Amino acid sequence: MSELISDNFYYSSRDISCRKPFGAIVSGKRIEFNFYAKFGVYVNEVYLVINLDGQEEEYVRLKFKENKDGMSRFSVSRRFDTGLYFYHFSVDTELGRFELYKGRNAVATDESANSYQITVYDKEYKTPDFLKGGVIYHIFADRFNRGKDSGAVFDKKGVLKDWSEPVTVVDSDGVFRANDFYGGNLQGIIDKLPYLKALNVSLIYLSPIFKSASNHRYDTGDYMEIDPLLGNEEKFRELIVKAKKNGIGIMLDGVFNHTGADSKYFNKFSSYESTGAYQSKESPYYDWYYFTNHPDEYACWWGVTVVPTVNKTNEEYRKFIFGDQGVIEKWLSMGVKGLRLDVVDELDISFVDGIREKTKSVDKDAVIIGEVWEDASNKISYSQRRPYFLGRQLDGVMNYPFKNAIMGYIMNGSNEIFEDEIMNIVENYPKSSLDDSMTFIDTHDTVRALNIFSGINAYDTDKVTRSTMKLSSFERALGSQRMKLAGVLQYALPGVPSIYYGDEAGLDGFEDPINRKPFPWNDIDEDMLAHFILLGNIRKKYSKIFKGNIEFVKGYDILVFDRVSDTGRIRIAVNPFEGRKEISFNRNFESLVSGVTGSVFEINARGFEILREV
């Protein structure tokens, strides 16, 4: 049966001869669908079976148009309003009726396969342009750089370490408290702005900077106060101003799903003068939380009691976050250029709507990035489809599907799988949303990419052991080669390449908190740094091309794809294999790495080329 399908029918949503236009569309636009059957296969009827998400299926009959090149073409045109649509084809033939769904390379009969998707976004939806074609640098605030600042005060229940000391993965009593600090601060970031400018960074994404008990600060203590160990509000303003002079914006981490148990709102440990929800049912913050048995039984994020979950439907909390003179208004009014929304899929839809409305009212060009680990265009959370890209929610996301595709290709080398995973997202996301999404290979939540690429064997070890493991010279060399290839893909794919601090310097580490070591200012991998500077320079010089479309080039053993705009064409070739590969083209290119011009190039083992059409 599958042979009949592959040999006799053709439809690809990525082929404009089948579906025009390609990808997500603006509300009110029409799509032309063309379905092909091999001439000689008797077809009674072809239907487009389509449904607006959650609604009943609609059968739309395609009309026979022509016989050409051995194929019969059936066609229909349909207009779409805002929403998420799914479709497949129903074909009645002399051999029976077939329901045809989306396969990797062709239509498929397996109903468990995916339906095709159409994302239709509101015609008023627009995402900020300043970030498109730029570079994001992700700073874990406590670990980037410690500057001299008398206003940065250590007031923590923990230990302030020397920069060279190892991170703590567990305390002596077997508990991990995240209370070892290194004193990275705002002045330290200011001091390194020239370094970030050399990397062509256009936006600094700061991990949480509000007053908190932990080193990661995802347990907010006071949304209205800069953590004293980082500095103060005056120093933060200075960072914003000086970063802007270097062409760099600041994006804050918005952690609104939960607060700290050690906060002025919950106040479990009586650290604040306020009456917290834990202390009394009469607290003004009591209804912000979910208690099942006050005070010790309450909802918290993934069962972690130090971060009690907030009731996002509570009107007072909503006003506090995005009301007049609330949290968002305060910090964006200072010149903050964006918000990264932590665990955005834990936030109510109307809550995210409120965040967007307030953010855009303060600064229409501020960017809103959501932490989503899956395809954000069709994400379901708490049994609700999330309308992230339909017009009133996010500008972009942390693009985990691209991360997975990059890591998979570098380690396994499948052109077919890589192209399919990339094009799924390119097809489903509005282009303006994809262009504002973060393309990364690791974060504070994942193992450092260098460790994965090194092939280091950490199986059957505990976290304490992993925190002391060192890469051998061979492992580091292998990991570095692969890391450079991943960087090329990061910078060449649609979206905004996003560096997790230290990746460009050769920083290694396993999972949290081992991936949060202090930046190795005295031991930078200069070769790796030069590589990322090169990538940043290329991206900046040809930013208009990198804001264009992506086209995969077939017929090569290694990955070859183009970024194309009306200003030119950049061709990327990546070889993750051990052997050298020779590739030839029917046109001339100039290597932006070596300067060599020609139509034939040799790609070294685990090597790459970045070429400009001439």
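Please read all numbers here as calculations on a predicted model, not as lab measurements.
A donor and an acceptor atom, one from each side chain of Lys540 and Ser202, are nowhere located under 3.5 Å apart. A side-chain N or O of Gln187 and one of Asp191 form a donor-acceptor pair less than 3.5 Å apart. Thr465 and Asp462 form a side-chain donor-acceptor contact under 3.5 Å, judged by distance and modelled atom types alone. Under the 3.5 Å distance criterion, with hydrogens and angles disregarded, no donor-acceptor pair is assigned to the side chains of Asn604 and Asn575. Using modelled atom types and a 3.5 Å distance limit, the side chains of Asn378 and Gln117 yield a donor-acceptor pair. Judged by distance alone, the side chains of Tyr556 and Asn415 never bring a donor and an acceptor atom under 3.5 Å apart.
Side-chain N or O atoms of Asp525 include none that pairs as donor or acceptor with a backbone N or O of Ala505 at under 3.5 Å. For the pair Arg539 (side chain) and Phe546 (backbone), a donor-acceptor distance under 3.5 Å is absent. Without hydrogens or angle criteria, Arg482 side chain to Arg606 main chain gives no donor-acceptor distance under 3.5 Å. Side chain of Arg386 to main chain of Ser381: a donor-acceptor pair is present (N/O by atom type, distance under 3.5 Å, no hydrogens or angles). In this structure, Asn179 contributes its side chain and Lys157 its backbone to a donor-acceptor pair below 3.5 Å. The closest donor-acceptor contact from the side chain of Glu475 to the backbone of Gly455 lies at 3.5 Å or more, if one exists at all. The backbone N or O of Met251 lies less than 3.5 Å from no partner atom in the side chain of Arg340, so there is not a single donor-acceptor pair. When atom types are taken as modelled, the side chain of Tyr218 and the backbone of His258 share no donor-acceptor pair closer than 3.5 angstrom. Looking at Asp442, its side chain never comes within 3.5 Å of a backbone N or O of Arg448 through a donor-acceptor pair. Panel note: side chain Arg143, backbone Phe519; no donor-acceptor pair is recorded below 3.5 Å.
The heavy-atom pair separating Ile250 from Leu203 by the smallest distance is N-CD1, 3.8 Å. The two residues Leu84 and Ser377 have their closest heavy-atom pair at CD2-O, 3.6 Å. The nearest pair of heavy atoms linking Gly509 to Val447 is O-CG1, 3.7 Å. Taking both residues in full, the closest heavy atoms of Ile583 and Ala573 are given as CD1-CB, 3.7 Å, listed atom of the first, atom of the second, then distance. Scanning both residues, Pro401 and Asp375, for their nearest heavy atoms gives CG-N, 4.0 Å. Across Ala605 and Glu578, no two heavy atoms sit closer than the pair CB-O, 2.5 Å.
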Walk me through it: do Ser437 and Ile369 pass the test side-chain contact (heavy atoms from CB on, under 4.5 Å)?
CA-CA 7 Å; Ser437 292; Ile369 306 291; 5.9 Å; no
Test side-chain contact (heavy atoms from CB on, under 4.5 Å) on Val255 and Val307 and set out the steps.
CA-CA 11 Å; Val255 187; Val307 280; over 6 Å; no
Would Ile514 and Asn451 count as a side-chain contact (heavy atoms from CB on, under 4.5 Å) if you check the C-alpha gap in whole Å, the side-chain angles of each, and the deciding distance to 0.1 Å?
CA-CA 11 Å; Ile514 312 167; Asn451 281 54; over 6 Å; no
Apply the test side-chain contact (heavy atoms from CB on, under 4.5 Å) to residues Tyr205 and Phe440: give CA-CA distance (whole Å), side-chain angles for both, the deciding distance (0.1 Å), then the verdict.
CA-CA 12 Å; Tyr205 156 36; Phe440 57 93; over 6 Å; no
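The aromatic rings of Trp521 and Tyr195 stand perpendicular to each other, their planes meeting at an angle above 60°, with 30° marking the opposite boundary. Relative orientation of the Phe561 and Phe552 rings is tilted, given thresholds of 30° and 60° on the angle between their planes. Relative ring orientation between Tyr409 and Phe577 is described as perpendicular, the plane-to-plane angle rising above 60° on a 0-90° scale split at 30° and 60°. Classified by interplanar angle (parallel below 30°, tilted 30° to 60°, perpendicular above 60°), the ring pair Phe140/Tyr501 is parallel.
A salt bridge does not link Lys312 with Glu346: none of the charged nitrogens is closer than 4.0 Å to a carboxylate oxygen. Between Lys484 and Asp527 a salt bridge is recorded (basic side-chain N to carboxylate O distance below 4.0 Å). Under the 4.0 Å criterion applied to side-chain N and carboxylate O atoms, Lys463 and Asp512 are not assigned as salt-bridge partners. We find that Arg356 and Asp395 are joined by a salt bridge, their nearest charged nitrogen and carboxylate oxygen being less than 4.0 Å apart. Salt-bridge formation is detected for the pair Arg177/Asp171: a Lys NZ or Arg NE/NH1/NH2 atom is positioned less than 4.0 Å from an Asp or Glu carboxylate oxygen.
Taking the side chain as every heavy atom from C-beta outward, Val397 and Val344 never approach each other to under 4.5 Å. The side-chain heavy atoms of Asn215 and Leu229, taken from C-beta on, include no pair separated by under 4.5 Å. The shortest side-chain heavy-atom distance between Ile321 and Phe351 falls under the 4.5 Å cut-off. Leu478 places none of its side-chain heavy atoms less than 4.5 Å from the side chain of Ser454. When side chains are defined from C-beta on, Phe236 does not count as touching Leu230, because their heavy atoms never get closer than 4.5 Å. Contact annotation: the side chain of Arg563 never approaches that of Tyr542 to less than 4.5 Å [non-hydrogen atoms, C-beta and beyond]. Residues Leu394 and Phe389 meet the side-chain proximity criterion, which asks for heavy atoms closer than 4.5 Å.
Residue Phe176 qualifies as enclosed at atom CZ: its count of foreign heavy atoms under 6.0 Å is above 12. More than 12 heavy atoms of other residues, nucleotides or ligands shown are found within 6.0 angstrom of CG on Asp162. Other residues, nucleotides and ligands contribute more than 12 heavy atoms inside 6.0 Å of the CD atom of Glu526.
Applying the side chain to side chain contact (heavy atoms under 4.5 Å, CB included) criterion to Leu390, with sequence neighbours excluded, gives Thr82, Thr119, Pro387. With sequence neighbours left out, the salt bridge (charged side-chain N to carboxylate O under 4.0 Å, His left out) criterion links Lys161 to Asp180. Considering only residues two or more places apart in sequence or on other chains, Arg217 meets the side-chain hydrogen bond (donor to acceptor under 3.5 Å, both in side chains) condition with Asp227.
Separation of the Phe402 and Tyr429 ring centroids does not fall under the 6.0 Å cut-off. Aromatic ring centres of Tyr223 and Trp331: separated by at least 6.0 Å.
Cation-pi geometry between Lys337 and Phe130 is met: the NZ or CZ atom falls under 6.0 Å from the ring centre, inside 45° of the normal.
Put simply, CD1 on Ile572 and CD1 on Ile610 are 5.0 Å apart, with the number rounded to the nearest 0.5 Å.
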